[in-house]
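Hydrogens, waters and symmetry mates are skipped; everything else that's a heavy atom, side chains included, is used.
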Amino acid sequence: MLEMIVASSIKVIIVMLAVLTGCAYATYMERKVVAFMQHRIGPSYAGPYGLLQPIADAIKMAFKEDVVPDKVERITYALAPIASFVPSLLVFAVVPFSADFTLVGRQVTGVISDLNIGILFVFAITSLGVYGIVLAGWSSGSKYSLMGGIRSSAQMISYEISYGLSIVGVILIANTLSLRQLVEQQDTILHWYIWKQPLGFLLYLTCAIAETNRLPFDLPEAESELVGGYHTEYSSFRFAMFFIGEYANMIAVSCVGTTLFFGGWQGPFLPAGLSVIWFVIKVFCFMFFYIWLRATFPRFRYDQLMNFGWKVLFPLAVVNLLVTGLIVLW
Amino acid sequence: MTIDAVIFVISAVVAIFGAAMMIAQRNPVASVLYLILSLIAQAVIYVQLGALFVGIMLVIVYAGAIMVLFLFVIMLLNLRGSEELGKPSGRVSRFTKYVITLLFFVELIFVIRGVALPPAPELVTNQPDAFGSVKAVSMLLFTKYLYPFQLTGVLMLIAVVGAVVIARREHPGELPDDTAAESTLAETPKEGTKA
């Protein structure tokens with residue numbers, strides 16, 4: 001019992017450090033990649049190639065004045081960044097990062113908690129993430145924040161249904177809800193579920209972008225219309241929590257996408273102890289794709305976004321589910 | 001006390017605290033937040049009892065979806081607490097309030113005492129693996145409780161259609177009876193001539 005607690009705690013600490021560092025360098029990566037796509041240089045002053053920029057940003061965030069506007073609902077205002085930050089990190093509790101391996105004579109599992117309904121846990125936690133945004137929008141006492149919060153909740157409710165349905169196809173084929181077993185089933189590149197569920201993958205990708213409020217679905221924080229959207233009135237570290245939460249969410253959906261459709265940590269050449277490298281490479285590709293999209297597409301208009309969600313994605317998801325179900329039965 | 005009992009007591013206390021605070025709050029947003037707290041604590045209890053699926057579903061459906069809609073409506077109506085909910089009541093109604101609550105409480109005690117409660121079971125946390133799993137729950141849903149399940153589905157469909165009908169009414173506030181239909185008919189030519 002005690003040994004399990006200690007082992008889990010160590011894993012939690014390692015994963016959290018990795019994720020938070022990942023978030024910091026995701027911002028760096030985003031700025032660099034977008035800069036190259038636009039023929040700019042991007043951050044280049046702090047450290048070689050600007051590599052220390054995220055650290056400089058973090059220090060700046062921490063030491064800025066924390067301005068709280070007069071008309072806010074104090075408690076909810078303080079609660080909102082936490083409600084947005086915590087769920088984005090909780091998802092990583094069930095993501096399998098690497099194969100089981102032996103370290104100094106001990107068997108180490110590559111996941112913090114191997115729930116047998118891991119994928120449902122992911123969706124439960126993701127569905128809680130919307131509260132941070134809604135509460136931030138409502139409690140700020142500013143019309144821009146409120147508009148951002150309302151848009152965001154409408155968007156997340158609309159896309160969450162297709163998001164959930166898009167992965168049911170994979171679950172039907174795999175006949176398990178455990179993320180670890182899903183990865184174990186995709187042992188070679190031909191067994192990756194993206195080949196069996198191409199439409200499901202496209203739906204997952206689209207809905208995941210909408211769920212994480214990224215371009216081209218970043219209506220909640222459309223800066224040309226809403227200043228900063230739901231976090232307009234936040235500054236200093238409270239703002240940083242929203243910011244980190246958003247990037248953690250991006251990494252989380254990339255991890256889940258990798259696990260569901262691209263075989264997670266499975267890959268050739270590397271021993272079990274280093275299989276995490278494959279996982280990181282795959283997640284990195286996902287993140288690159290995200291940033292690529294951001295640099296490419298303009299923002300949707302609000303009514304287009306809702307129409308697209310309900311009249312295109314949702315029927316497609318239902319059809320995908322029906323066809324998959326029939327094939328599995330047959 | 002075992003660690004199971006500690007977890008149970010903590011989550012039970014949090015669940016009841018959340019439920020009580022939900023009623024006590026004047027600010028509707030705070031009420032929703034306390035209800036979410038209570039729901040999550042209940043989910044913890046389910047998980048601890050081995051019904052992982054039920055617990056997660058509670059979070060997905062209630063805490064994740066229904067409460068977001070509640071919050072959404074409250075935000076849109078922009079209810080900001082006491083002024084919308086009326087002033088604190090006068091002396092007479094305050095008196096009746098307490099009397100009725102007391103009567104109800106006493107009645108509740110008698111009712112509960114009248115029912116022969118089974119003895120409190122031991123806190124069971126080591127269920128067999130299949131207990132409360134997706135498979136076990138769905139087997140029950142699609143075999144033993146198939147008809148109630150289907151009927152619930154139909155009932156929800158009716159509610160959804162009803163909601164759409166009410167929301168799509170052209171003149172909000174009017175009932176879609178014959179007179180309303182006539183009046184809209186009578187109005188259309190006027191608008192036509194104006195244009």
Is [X] in contact with chain A via its backbone, its side chain, both, or neither, using a 4.5 Å heavy-atom distance?
X        : result
Ile40(B) : side chain
Ala65(B) : neither
Leu71(B) : side chain

Query - Ala248(A) versus Leu89(A), closest heavy-atom pair with distance - result: CB-CD2, 4.1 Å
**Report entry** Thr324(A) side chain to Gln197(A) side chain, donor-acceptor N/O pair below 3.5 angstrom
**Finding:** yes
**Report entry** Geometric class of the Tyr163(A)/Phe123(A) ring pair [parallel <30°, tilted 30-60°, perpendicular >60°]
**Finding:** tilted
Is chain B contacted by the side chain of [X], its backbone, both, or neither, given a heavy-atom distance below 4.5 Å?
X         : answer
Leu177(A) : side chain
Val130(A) : side chain
Ile125(A) : neither

Query raised in the report: So do Phe121(A) and Leu179(A) actually touch side chain to side chain, heavy atoms under 4.5 Å?
Result: no
Query - Leu128(A) CG to Ser84(A) OG distance, which is reported to the nearest 0.5 Å - result: 12.0 Å
